[in-house]
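See below for the structure under consideration.
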Number of protein chains: 2
Amino acid sequence: MTTARPTIAVLGGTGAEGSGLALRWAHARYPVIIGSRNADKAAQACAQIVVLCVPYAAQRGTVEEVRPALEGKILIDTTVPLVPPKVARVQLPEGGSAVAAIQALLGESVRVVSAFQNVAAHLLQDLGHEVECDVLVCGDDMPARETVIKLAADIGLRGIHAGPIANSAAAEALTSVLIAINSRYKIPGGAGIRITRLEGAEH
Amino acid sequence: MTTARPTIAVLGGTGAEGSGLALRWAHARYPVIIGSRNADKAAQACAQIVVLCVPYAAQRGTVEEVRPALEGKILIDTTVPLVPPKVARVQLPEGGSAVAAIQALLGESVRVVSAFQNVAAHLLQDLGHEVECDVLVCGDDMPARETVIKLAADIGLRGIHAGPIANSAAAEALTSVLIAINSRYKIPGGAGIRITRLEGAEH
């Protein structure tokens with residue numbers, strides 16, 4: 001990544017998670033294109049980085065639709081395979097990870113990075129609040145992961161190298177656990193996760 | 001659970017994780033039976049709570065072997081479905097969770113609770129150290145989960161209600177993520193997890 005800020009297209013950028021991320025990146029002075037699922041294709045084509053923030057049911061359809069615009073780019077996929085109505089129950093898809101399935105679909109010409117599954121949307125939307133949640137960053141391409149960790153850092157979130165794209169299953173499953181915890185403990189802000197013992201480690 | 005301390009049988013109690021848990025419970029003055037996989041069956045039968053700490057490859061065989069001794073009890077299953085040599089890669093079994101599969105195998109007469117997957121064994125073994133890791137506690141039976149949360153608290157660990165047994169997939173997957181993080185960041189103590197924003201929440 002060059003030092004110039006890349007343009008980020010947020011698909012599903014009018015939803016809670018997408019608009020929160022878009023707001024924070026815009027605040028950090030990134031050029032941000034907010035797309036609904038049918039966002040202008042020419043605009044999407046301008047972006048260097050595409051962020052997918054649509055509901056699970058729309059994930060694959062959206063990717064297939066914008067596929068030509070993804071070629072050679074980084075696709076940050078924030079999808080969590082929640083299956084309503086039991087969203088507090090882990091229900092991973094066959095194969096284990098909804099995001100790994102998209103990497104398999106797109107092949108090597110698109111570098112898919114999984115991130116931001118565990119960050120509560122309404123915390124992102126409130127710039128006055130610290131989010132208190134680490135971001136597990138999974139992907140098979142190391143420089144792409146580094147790019148996403150920088151994008152997280154620029155909006156005040158600690159991104160952590162969490163292994164290959166298959167490991168996205170952990171972040172996806174954790175979201176249902178956090179929903180279960182929020183419900184059980186009535187946590188107003190929404191629970192998050194922290195990786196412990198990282199301070200002082202070699203980064 | 002009565003206020004008297006129940007007897008705990010730790011199967012695989014000579015391994016790293018099992019011996020660490022056994023040491024801590026013994027230190028908290030629980031009667032602990034440490035079993036290798038072929039531990040004396042009469043001794044196992046005395047226990048009110050059985051803890052499974054064997055490698056994934058031995059999980060099902062061990063359970064089938066001790067099955068008569070499990071009837072009516074709580075089985076705490078700490079199994080992580082690591083598939084060597086790629087232990088830093090999430091490779092959940094078909095169906096999603098190794099522990100949920102054991103609950104399905106045993107049926108309702110045994111209350112299976114998933115816990116302790118993310119706690120580094122060598123930290124458990126060192127009584128002088130705080131472990132700095134929350135314990136995600138998953139199970140379909142609420143009183144059984146409460147019992148396990150108390151067992152965790154008695155050895156200095158914060159257990160958290162993390163939903164039904166299916167949610168064990170999240171804890172199991174997280175272990176590979178933590179292994180990936182330990183390797184990447186060279187964390188001497190072993191990384192752990194914390195759930196944020198729980199303080200002050202209704203417990």
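Scope of the values below: all heavy atoms of this structure, side chains included, with no hydrogens, waters or symmetry mates. Residue numbers begin at 1 in each chain, while the letters A, B, ... track the order of the sequences.
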Heavy-atom distance under 4.5 Å to chain A: side chain of B:Ile165, backbone, both or neither?
neither
Backbone N or O of B:Gln117 within a donor-acceptor pair of the B:Thr175 side chain at under 3.5 Å?
yes
Would a distance-only check, ignoring hydrogens and angles, find a side-chain to backbone donor-acceptor pair under 3.5 Å from A:Glu172 to A:Ala98?
yes
Which residue out of B:Ile195, B:Asp134, B:Asn167 racks up the most heavy-atom pairs below 4.5 Å with chain A?
B:Asn167
Contacting moiety of B:Val131, where chain A heavy atoms sit under 4.5 Å
backbone
Is any NZ, NE, NH1 or NH2 atom of the basic residue among B:Glu146 and A:Arg184 found under 4.0 Å from an Asp or Glu carboxylate oxygen of the other?
yes
Checked B:Ala173, B:Gly192, B:Ala180, B:Ser183 vs chain A; the most non-hydrogen pairs under 4.5 Å come from B:Gly192
Is it true that A:Asp141 and A:Arg145 have a side-chain N and a carboxylate O under 4.0 angstrom from each other?
no
Which answer fits B:Ile179, side chain, backbone, both or neither, if we ask what part of it has an atom under 4.5 Å from a heavy atom of chain A?
neither
Exactly one candidate in B:Leu151, B:Ile155, B:Thr7 meets side chain to side chain contact (heavy atoms under 4.5 Å, CB included) with B:Tyr30; the answer is B:Leu151
Answer yes when A:Arg194 and A:Glu130 have at least one side-chain N-carboxylate O distance shorter than 4.0 Å, and no when they do not.
yes
Most contact-rich option vs chain B, by heavy-atom pairs under 4.5 angstrom, among A:Ile181, A:Asn118, A:Leu136, A:Leu178, is A:Ile181
A:Gln125/A:Ser19 under side-chain hydrogen bond (donor to acceptor under 3.5 Å, both in side chains): CA gap, chis, key distance, verdict
CA-CA 7 Å; A:Gln125 290 167 339; A:Ser19 63; 3.2 Å; yes
Between B:Ala166 and chain A, which part of the residue has a heavy atom less than 4.5 Å away: side chain, backbone, both or neither?
both
If one checks every heavy atom of B:Leu92 against chain A at 4.5 Å, the contacting part turns out to be side chain
So for A:Ala162, is it side chain, backbone, both, or neither that comes closer than 4.5 Å to the heavy atoms of chain B?
both
Most heavy-atom pairs under 4.5 angstrom with chain B, which of A:Gly163, A:Ala169, A:Pro164?
A:Pro164
